[in-house]
A.B. asks: 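Sharing a structure, written as structure tokens. Questions coming.
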Amino acid sequence: MSEKLIFERNSHGARAATIRKPDVPEYEPSFALRETFDFPELTEVAIVRHYTALSREAFGVDNGFYPLGSCTMKYNPKLDEEIAALEGFTDIHPLAPEKSAQGSLAVMYGLSEALKEITGMDAVTLQPAAGAHGEYTGLSVIGAYHKGRGDTARKKIIVPDSAHGTNPASAAMAGFEVVNIPSDEEKGVDLAALRAAVGADTAALMLTNPTTLGLFEKNIEAIADIVHSAGGLLYYDGANLNAVMGIVRPGDMGFDVVHLNLHKTFSTPHGGGGPGSGPVGCKRALAKYLPDPRVIKNADGSYSFAYSADSIGKVSSFYGNFLVYLKAYAYILTLGAEGIRRSAEGAVLNANYLKAGISDLYPAEGGARHCMHEFVISCSRMKEEYGVSAMDVAKAMIDYGMHPPTMYFPTIVHEALMFEPTETEDKATLDEAVAVLKAIYETAHTSAETLTGAPHNAAISRPDEVLAAKSQKLRWKK
Amino acid sequence: MSDYIPVTARERAEMLAAIGVKSVDELFEDIPAGLRAGALALPEGLSQQEVYEKFKNIASENRLYRSYMRGAGAYRHYIPSVVKAIASRSEFVTAYTPYQAEMSQGVLKAMFEYQTYICLLTGMDVSNASLYNGATAAAEAALMTKDRGRYKVFVTDNVRPDVLAVMKTYLTAKGMELNVIPSEDGATDVSALKALLDASAAAVYAEQPNYFGIVEDLEAIGETAHAAGAKFIAGCNPISLALLKTPAECGADIAVGEGQPLGMSLAFGGPYLGFLACKEKEVRKIPGRIVGETVDKDMRKAYVLTLQPREQHIKRERASSNICSNEALCALTATVYMSAMGKEGMREVASACLSYAHYAARKFTEAGLELRYKGEFFHEFVTAAEGASDKILTALDARGILGGLKLNDDELLWCFTELNSKEDINEAATLIGGAL
């Protein structure tokens with residue numbers, strides 16, 4: 001029996017949390033008061049039981065294998081959570097005097113320095129609250145840079161058709177026009193199309209490397225050359241950095257601006273969809289345009305905030321998602337230089353092992369090439385032969401207690417499933433995933449309807465999404 | 001020294017053999033040799049114990065005050081233990097965005113509850129599943145109002161500076177114009193506003209209570225906006241809404257705000273929670289995730305992410321916003337907080353804020369400070385004393401009290417919540433009297 005909503009547990013007169021009774025006279029306000037206030041009344045036991053029941057209808061990395069491509073669902077260390085819960089960090093007011101917040105400033109400075117080194121950039125802002133927010137910030141910095149040079153014609157951002165949806169959406173939000181370019185046969189950037197697209201109106205090319213196909217963009221040097229020769233800049237979508245951190249740096253590949261996802265690459269938890277953190281790094285010429293404020297280290301070893309007259313301004317209140325910085329910084333200090341490289345190697349090893357294990361039944365994009373931290377398979381043939389779609393395979397995995405891979409992305413691959421096992425899975429788990437995917441393939445030709453009806457053992461069967469959009473029940477009502 | 005890689009050396013060898021390569025390095029052969037990074041200039045990894053000790057030390061370089069009298073956009077409230085206990089359950093903490101509804105009903109239901117709570121709190125029809133923080137929520141709300149010839153957004157200079165700054169960044173990029181109007185005795189000057197609004201006005205944004213703590217006449221501001229054909233966006237403190245007229249009652253088309261007071265710690269500014277709710281007619285323009293109720297194949301009640309054609313992964317450059325990850329765990333935190341406080345608890349918190357702030361205002365004026373503005377206030381107020389700001393803050397700081405925020409040499413912005421007490425306010429009043 002699935003848990004009902006908290007509003008259906010309302011019990012008139014019940015109380016849970018209580019506060020100290022004020023020891024000053026009660027103030028009677030003269031301003032207009034609201035007419036009704038319809039919050040539910042609940043006991044603490046009812047609340048705890050309710051949300052514990054909801055937690056049993058949720059699935060996180062701690063529950064099992066989570067090969068969600070492009071999302072880097074690696075293990076989130078408990079140590080980092082404990083550090084971020086220390087009162088010396090949680091109880092600091094963002095507008096406390098700098099001298100009272102030296103610890104917080106030291107964390108921001110230290111993390112920024114580490115991220116500069118990992119990305120090969122000259123300056124970093126931590127302020128963006130998520131990856132898409134980082135894209136927006138990075139592109140705004142690029143816009144300010146061109147404008148700062150008096151080059152006001154650069155209004156276009158070039159985006160490959162394999163890009164994450166946030167790339168074109170962020171470009172539009174930052175005030176740019178988007179130029180989509182097709183991929184070549186190997187699903188990399190089509191150099192001819194890129195040459196045709198660049199010009200005096202090009203602000204930047206946005207690129208993920210490894211690409212969303214999980215393949216390293218081999219032509220990266222040629223791409224950088226084409227874009228830079230046209231006067232444009234190269235933007236690195238850091239969603240896939242986990243494959244190459246410590247091995248090749250965006251700054252060395254020719255990228256001018258990069259955003260990172262601390263909630264992917266640096267193992268801070270996703271929280272069911274946030275809070276994340278999307279720091280942006282850039283080369284020296286762009287540094288003065290980064291959001292205000294940034295943290296600097298003074299000659300006496302103390303830290304303070306610094307402001308730039310050319311900054312694009314603020315993109316977040318205060319300084320962004322501080323507690324997330326703590327977790328990422330703790331992770332980086334735990335791993336160290338070697339551990340960072342080993343993690344990337346482990347991610348690539350695990351992905352190639354999983355790919356090899358299922359390749360006879362589910363051939364991956366990229367042919368004989370090794371994948372990076374993730375790979376994409378197409379279920380087109382399965383669909384034709386047995387009527388079993390990528391969605392059916394994904395939903396069947398739920399019945400085996402595994403989170404499905406990313407479905408129908410990238411859109412340039414039909415019936416796509418994108419697997420990213422990450423480095424924190426052991427061999428036994430990967431072997432089990434191979435066995436599960438083989439069993440699903442077997443079921444496809446013995447009893448396809450079992451798959452098209454999956455999942456059978458979850459809290460619900462497949463939901464009617466069309467009805468959800470049509471009926472628009474977006475809140476509980478009595 | 002530590003890492004989180006469980007594959008053993010022997011397993012690695014087996015795995016490489018299964019892949020058909022001799023070394024891990026071969027897997028990276030697509031990367032041009034000339035681009036390879038050498039060893040990163042980062043310290044060697046530490047043991048878990050060392051990392052913990054290091055951060056304990058760093059935390060001790062921050063100063064914890066005995067008493068806090070500062071808000072200005074970040075508010076310190078009592079956080080019930082049940083909130084932390086539930087919000088740290090790893091099924092919630094380590095889950096991704098609930099794309100796979102069948103194994104994410106718990107997360108989806110919590111978001112649906114959050115949306116309902118925000119609607120109950122604001123009186124609005126529809127809430128999204130969260131935005132990054134109050135400042136980006138206000139900026140996203142302003143972007144929703146752009147409509148053909150309407151591109152100007154009007155605000156008074158009494159909104160929170162970060163909200164103003166973020167709005168400016170967002171609006172400029174989208175070809176909208178931010179117009180800042182001087183306040184009159186700390187409040188929105190409705191007649192000045194009226195004179196400026198014309199057919200190019202997209203929206204008016206006002207905060208309740210405003211940056212100076214004053215309770216605004218939102219209805220008058222809303223009427224003025226609507227008379228010019230502009231939308232009205234209200235930025236609200238969620239705790240104050242347990243008592244104050246709702247944005248819906250005041251005619252707002254969109255209500256936004258900083259959700260941090262609903263169970264989130266100060267945390268040096270984040271993660272916080274941006275809430276955004278609107279009238280039904282604006283729903284197609286709403287940014288970010290929304291959870292809807294539906295049924296599954298077996299006609300059982302079910303919850304899913306819905307109205308996705310607004311979003312970036314479908315619409316790409318024509319999406320209503322670029323937002324993907326939001327602040328889901330903070331929204332869960334707020335949901336549990338509102339459940340734990342309940343109807344009476346929410347009112348008691350709001351009432352305690354009000355009572356302590358007014359008690360403090362009385363004691364501080366008795367000690368020699370002046371109230372800068374005449375308007376009725378909620379839990380923040382501005383005091384004035386010529387050239388005294390630093391002297392007062394230093395005197396309080398020496399006794400472990402974080403005083404009001406310095407607005408200038410004369411003015412301080414104070415905040416009081418249920419965590420203050422008669423004793424700490426009396427002590428502060430005495431120190432202020434001594435400093436003047």
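To find a chain, count down the sequence lines: A is the first, B the second, and so on, and within it residues start at 1. Since we're looking at a predicted model, the values are computed, not measured. We use all heavy atoms of the structure for the numbers below, so side chains are in, but hydrogens, waters and symmetry mates are not.
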A.B. asks: Please flag which part of A:F37 lies under 4.5 Å from any non-hydrogen atom of chain B: side chain, backbone, both or neither.
C.D. replies: both
A.B. asks: Side chain, backbone, both or neither: which part of A:E135 has a heavy atom under 4.5 Å from chain B?
C.D. replies: neither
A.B. asks: Side chain of A:R34, backbone of B:L241: donor and acceptor closer than 3.5 Å?
C.D. replies: yes
A.B. asks: Taking side chain as everything from C-beta outward and backbone as N, CA, C, O, which of these in A:N350 sits under 4.5 Å from a heavy atom of chain B? Side chain, backbone, both or neither.
C.D. replies: both
A.B. asks: Is it the backbone or the side chain of A:I247 that comes under 4.5 Å from a heavy atom of chain B, or both, or neither?
C.D. replies: both
A.B. asks: Under a 4.5 Å heavy-atom cut-off, does chain B meet the side chain of A:Y353, its backbone, both or neither?
C.D. replies: both
A.B. asks: What part of A:R341 lies closer than 4.5 angstrom to a heavy atom of chain B: side chain, backbone, both or neither?
C.D. replies: neither
A.B. asks: Within the structure provided, determine whether B:V107 and A:L54 are in side-chain contact (heavy-atom separation under 4.5 Å).
C.D. replies: no
A.B. asks: Measuring heavy-atom distances to chain A, does B:L402 have an atom under 4.5 Å in its side chain, in its backbone, in both, or in neither?
C.D. replies: side chain
A.B. asks: By a 4.5 Å heavy-atom criterion (distance strictly below it), what part of B:Y78 contacts chain A: side chain, backbone, both, or neither?
C.D. replies: side chain
A.B. asks: Among A:K395, A:E57, A:H403, exactly one meets side-chain contact (heavy atoms from CB on, under 4.5 Å) together with B:M103. Which residue is that?
C.D. replies: A:H403
A.B. asks: Let me know if A:S170 has heavy atoms under 4.5 Å from chain B in its side chain, its backbone, both or neither.
C.D. replies: both
A.B. asks: With side chains defined as the heavy atoms from C-beta onward, is the minimum distance between B:L354 and A:F31 less than 4.5 Å?
C.D. replies: yes
A.B. asks: Please report the interatomic distance CG(A:L42) to NZ(B:K343), rounded to the nearest 0.5 Å.
C.D. replies: 11.5 Å
A.B. asks: Between A:D252 and B:R36 (salt bridge meaning N to carboxylate O under 4.0 Å), is one present in this structure?
C.D. replies: no
A.B. asks: A side-chain contact here means heavy atoms from C-beta on lying under 4.5 Å apart; do B:Y170 and A:Y136 qualify?
C.D. replies: yes
A.B. asks: I would like to know whether B:F55 and A:L333 meet side-chain contact (heavy atoms from CB on, under 4.5 Å); could you show each step before the answer?
C.D. replies: CA-CA 10 Å; B:F55 279 91; A:L333 292 180; 3.8 Å; yes
A.B. asks: I want to know whether A:H93 and B:Y68 have ring centres closer than 6.0 Å.
C.D. replies: no
A.B. asks: By the definition side chain to side chain donor-acceptor pair (under 3.5 Å), identify the one residue from B:R300, B:Q105, B:K109 that meets it with A:S2.
C.D. replies: B:K109
A.B. asks: For A:K74, is it the side chain, the backbone, both, or neither that has a heavy atom closer than 4.5 Å to a heavy atom of chain B?
C.D. replies: neither
A.B. asks: Mark yes or no for whether B:D30, through its side chain, and A:K218, through its backbone, hold a donor-acceptor pair below 3.5 Å.
C.D. replies: no
A.B. asks: Would you say the side-chain atoms of A:D464 and B:T294 include a donor-acceptor pair closer than 3.5 Å?
C.D. replies: no
A.B. asks: Check whether any side-chain N or O of B:E11 sits under 3.5 Å from a backbone N or O of A:D426 as a donor-acceptor pair, and report yes or no.
C.D. replies: no
A.B. asks: Where on A:L79 is there a heavy atom nearer than 4.5 Å to chain B: the side chain, the backbone, both, or neither?
C.D. replies: side chain
A.B. asks: What part of A:P455 gets closer than 4.5 Å to chain B, counting heavy atoms only: side chain, backbone, both or neither?
C.D. replies: side chain
A.B. asks: Can you find a pair of side-chain heavy atoms, one from A:N321 and one from B:E327, that are under 4.5 Å apart?
C.D. replies: yes
A.B. asks: Side chain, backbone, both or neither: which part of A:P97 has a non-hydrogen atom closer than 4.5 Å to chain B?
C.D. replies: both
A.B. asks: Name the region of A:I220, side chain, backbone, both or neither, that has any atom closer than 4.5 Å to a heavy atom of chain B.
C.D. replies: side chain
A.B. asks: Going by atom types only, do B:D3 and A:S343 share a side-chain donor-acceptor pair under 3.5 Å?
C.D. replies: no
A.B. asks: For the OG1 atom of A:T406 and the OH atom of B:Y96, what is their distance to the nearest 0.5 Å?
C.D. replies: 7.5 Å
A.B. asks: Please check if the side chain of A:T90 supplies one atom and the backbone of B:S265 the other of a donor-acceptor pair under 3.5 Å.
C.D. replies: no
A.B. asks: Which bit of A:A16 is near chain B, if near means a heavy-atom gap under 4.5 Å: side chain, backbone, both or neither?
C.D. replies: both
A.B. asks: Less than 6.0 angstrom separating the ring centers of A:Y27 and B:Y359, yes or no?
C.D. replies: no
A.B. asks: Can you tell which of A:F216, A:F409, A:Y319 has the highest number of heavy-atom pairs within less than 4.5 Å of chain B?
C.D. replies: A:F216
A.B. asks: Under 4.5 Å from any heavy atom of chain A, what part of B:S321 do you find: side chain, backbone, both or neither?
C.D. replies: both
A.B. asks: What are the two closest non-hydrogen atoms of B:Y356 and A:P22, and how far apart are they?
C.D. replies: OH-CA, 3.2 Å
A.B. asks: Quick one about B:T94 and A:N76 (side-chain donor to acceptor, distance below 3.5 Å, no hydrogens or angles considered), yes or no?
C.D. replies: no
A.B. asks: Quick check on B:T335 against chain A: is it the side chain, the backbone, both or neither that has a heavy atom closer than 4.5 Å?
C.D. replies: both
A.B. asks: Side chain, backbone, both or neither: which part of A:I83 has a heavy atom under 4.5 Å from chain B?
C.D. replies: side chain
A.B. asks: Whether the B:E113 and A:Y51 side chains hold a donor-acceptor pair (N or O, under 3.5 Å, no angle test) is what I'd like checked.
C.D. replies: yes
